[in-house]
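Report on one structure; see the data block that follows.
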Amino acid sequence: MGQKISPVKGTRDVLPGDTYLKKDDPWIRIGHLHLIEQAARELFPLYGYREARTPVLERTALFARGIGDATDIVAKEMYTFEDRDGTQVSMRPEGTASLVRAYVEHAVQQQEPDTKWWYAGPMFRHERQQRGRYRQFTQIGVEALGSPGPRVDAEQIEMLDRWLRALGIPFEMHVNTLGDALCRPAYRTALQEYLRAHSAELCEDCRKRTETNPIRVLDCKNPGCQEVAAGAPKMDRFLCAPCREHFEGLRAALGRLGVAHIVDPKLVRGLDYYTRTTYEAIATAGLGSQSTVAGGGRYDGLVRELGGGDVPGIGFAAGVERLALLVAQAGRELAVRPLVFFAPLGPEEEARADALALELRKAGIPAEVSFRRSNPGNQMKRADALGARFALVLGDAELKSGRAKLKELKSGAEHEVDLSDLPGALRRLQP
Ligand code: ATP
Ligand code: MG
């Protein structure tokens, strides 16, 4: 007898049905993920975003340089190893660095002035496990390259807002500005001085961050650090005129597009590459402390940092599992259920059922046949469990007459139909 092999910590299976035994961890079904993906797939192209796919494996240097050595992601969370040929590689912890690498690699800048891409796929971070935080998780994200904003910023935030609304997610949109390479250094210094003076009240991580990445302290979840952060100098006072104008332009554009938003000076985001606009969609219920469902921002220096030209960009990434937890709580999912379940009673009927099911599938109608021989009562139970709308029992009489009864499982209503045109009959029954 073989021994059961358990999954890697922080990873999870997503199955089509509800088979989970641990009730404390809400179950995500594939239908929840499909609903979220489908909504994105339909909406994003309306704004000109096209799908791009990049590899899960990248050179470690891409993230060290793109995201920044001092960030939590690169310093502590990446899955990094030496490949068999000696190359240092990492499983991607996020999507933006990869998409920008592809943008530079394929000289996209020379082919089109503006580029809008979206992506979906697994990301990997060795984080402490908790509800809504996994070591393999899925992000759906977008990047708009080429425009300095702020109108494209507002357009993108409005798109995120529309997507989350379509999914029925309860959330607030928070926005902030981080300034740029001109005005942020002065802010960083002022913040650092303030944090050094309060270092005794900070957690150990934040004492380190004070020296390496002081802005990140504002984002710490530790209550002591939050208290220190509340009294910290605000970016607002340090903004240079162009950054101030950008932020005012963003807020005006959001107003024109009708996007309700909250200005949140503590919203800083964890990655090094952000400049000016940052934003987050924060769920107002249903997620506990892991409530940020999507985060985004402008990264005007990243393309250059990764070897490309001076191309500004802005993007967001949303955590699909966190969204799925909310979609699951709201009881929404995209599921394909058989419309008709065939229950043949003998070998000849089985062959006919197989042929009828094929005919339906060719017509785009989902159908299932029973592979087990049992009495009609049990067959009905199976049809019900599959979520079929109709069941059709095929016996000797039906084969001889060429007519059968489509039984509606919910109501018990029966419709006599001609087996020679089942697709037509079904279309008439449910237009
Ligand atoms: P957090 O503060 O929650 O750690 P982050 O700033 O690290 O978030 P980003 O890197 O901006 O997150 O990723 C964007 C989104 O991806 C997050 O808002 C979240 O919804 C999701 N996400 C990030 N890390 C995880 C994870 N380990 N498990 C599940 N979802 C995640
Ligand atoms: Mg994180």
Side-chain angles (χ1 to χ4, degrees), residues 8-12 14 25-26 28 32-33 36 40 63 66-68 70-79 90-99 118-143 156-157 160 163-164 167 169 171-176 178 205-206 209 213 215-222 225-226 229 264 266-274 277-284 286-299 302 314-328:
V8 171
K9 265 196 196 144
T11 66
R12 60 188 297 163
V14 183
D25 188 6
I28 300 175
H32 302 128
L33 302 190
I36 293 161
F63 304 115
I67 303 175
T71 57
D72 285 354
I73 292 183
V74 173
K76 313 197 271 220
E77 297 171 359
M78 265 201 316
Y79 285 88
S90 297
M91 318 254 293
R92 63 176 180 199
E94 57 106 53
T96 302
S98 298
L99 264 77
W118 73 272
Y119 62 89
M123 306 294 162
F124 302 83
R125 297 182 194 176
H126 191 94
E127 301 201 66
R128 199 161 69 77
Q129 292 187 79
Q130 40 196 310
R131 183 167 177 226
R133 190 176 289 288
Y134 313 103
R135 291 181 179 171
Q136 174 175 338
F137 59 101
T138 314
Q139 283 186 337
I140 293 182
V142 310
E143 316 293 347
Q156 189 174 83
I157 294 171
L160 172 61
W163 181 40
L164 299 181
L167 296 172
I169 306 285
F171 72 99
E172 280 170 354
M173 191 68 79
H174 290 222
V175 301
N176 189 26
L178 292 181
D205 273 345
C206 282
R209 286 182 189 131
N213 197 359
I215 291 172
R216 186 65 163 141
V217 174
L218 301 180
D219 197 29
C220 183
K221 308 277 187 295
N222 193 304
C225 300
Q226 285 187 350
D264 178 356
K266 285 204 325 188
L267 197 176
V268 297
R269 320 268 319 116
L271 320 182
D272 271 1
Y273 52 58
Y274 286 112
T277 308
T278 55
Y279 60 102
E280 272 184 3
I282 300 176
T284 47
L287 279 184
S289 55
Q290 313 310 319
S291 57
T292 303
V293 291
R298 179 159 279 286
Y299 44 82
L302 184 61
I314 181 165
F316 72 71
V320 176
E321 286 79 6
R322 288 188 197 172
L323 291 174
L325 291 171
L326 296 170
V327 165

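Every number for a ligand or one of its atoms is a count from 1 in the order of the listing.
- Counting all heavy atoms, side chain and backbone alike, A324 lies closest to I28 at CB-CG2, 3.5 Å.
- E172 places none of its side-chain heavy atoms less than 4.5 Å from the side chain of D264.
- Summarising the contacts of atom 13 (O) of ligand 1 with E94, R322, Q139, Q290, the nearest heavy atom is found in Q139.
- An N or O contact shorter than 3.5 Å is missing between E321 and ligand 1 by distance.
- A40 approaches W163 most closely through the heavy-atom pair N-NE1, 3.4 Å.
- For the residues Q130, R133, R125, H126, the heavy atom positioned nearest atom 1 (P) of ligand 1 is part of R133.
- Judged purely by atom type and a 3.5 angstrom limit, E127 has no side-chain atom pairing as donor or acceptor with the backbone of R133.
- Applying side-chain contact (heavy atoms from CB on, under 4.5 Å) to I36 and the options T138, L167, L164, I169 leaves one that passes, L167.
- The two atoms that bring E94 and F63 nearest to each other are O-CE2, 4.2 Å, heavy atoms only.
- When non-hydrogen atoms are compared, ligand 1 lies under 4.0 Å from neither the backbone nor the side chain of M123.
- Distances from atom 2 (O) of ligand 1 to the heavy atoms of K221, R131, Q136, E77 put K221 nearest.
- Of the candidates F137, Y274, F124, the one placing a heavy atom closest to atom 30 (N) of ligand 1 is F137.
- Residue contacts with ligand 1, taken as heavy atom pairs separated by less than 4.0 Å, do not involve D72 at all.
- At least one N or O atom of T292 sits closer than 3.5 Å to an N or O atom of ligand 1.
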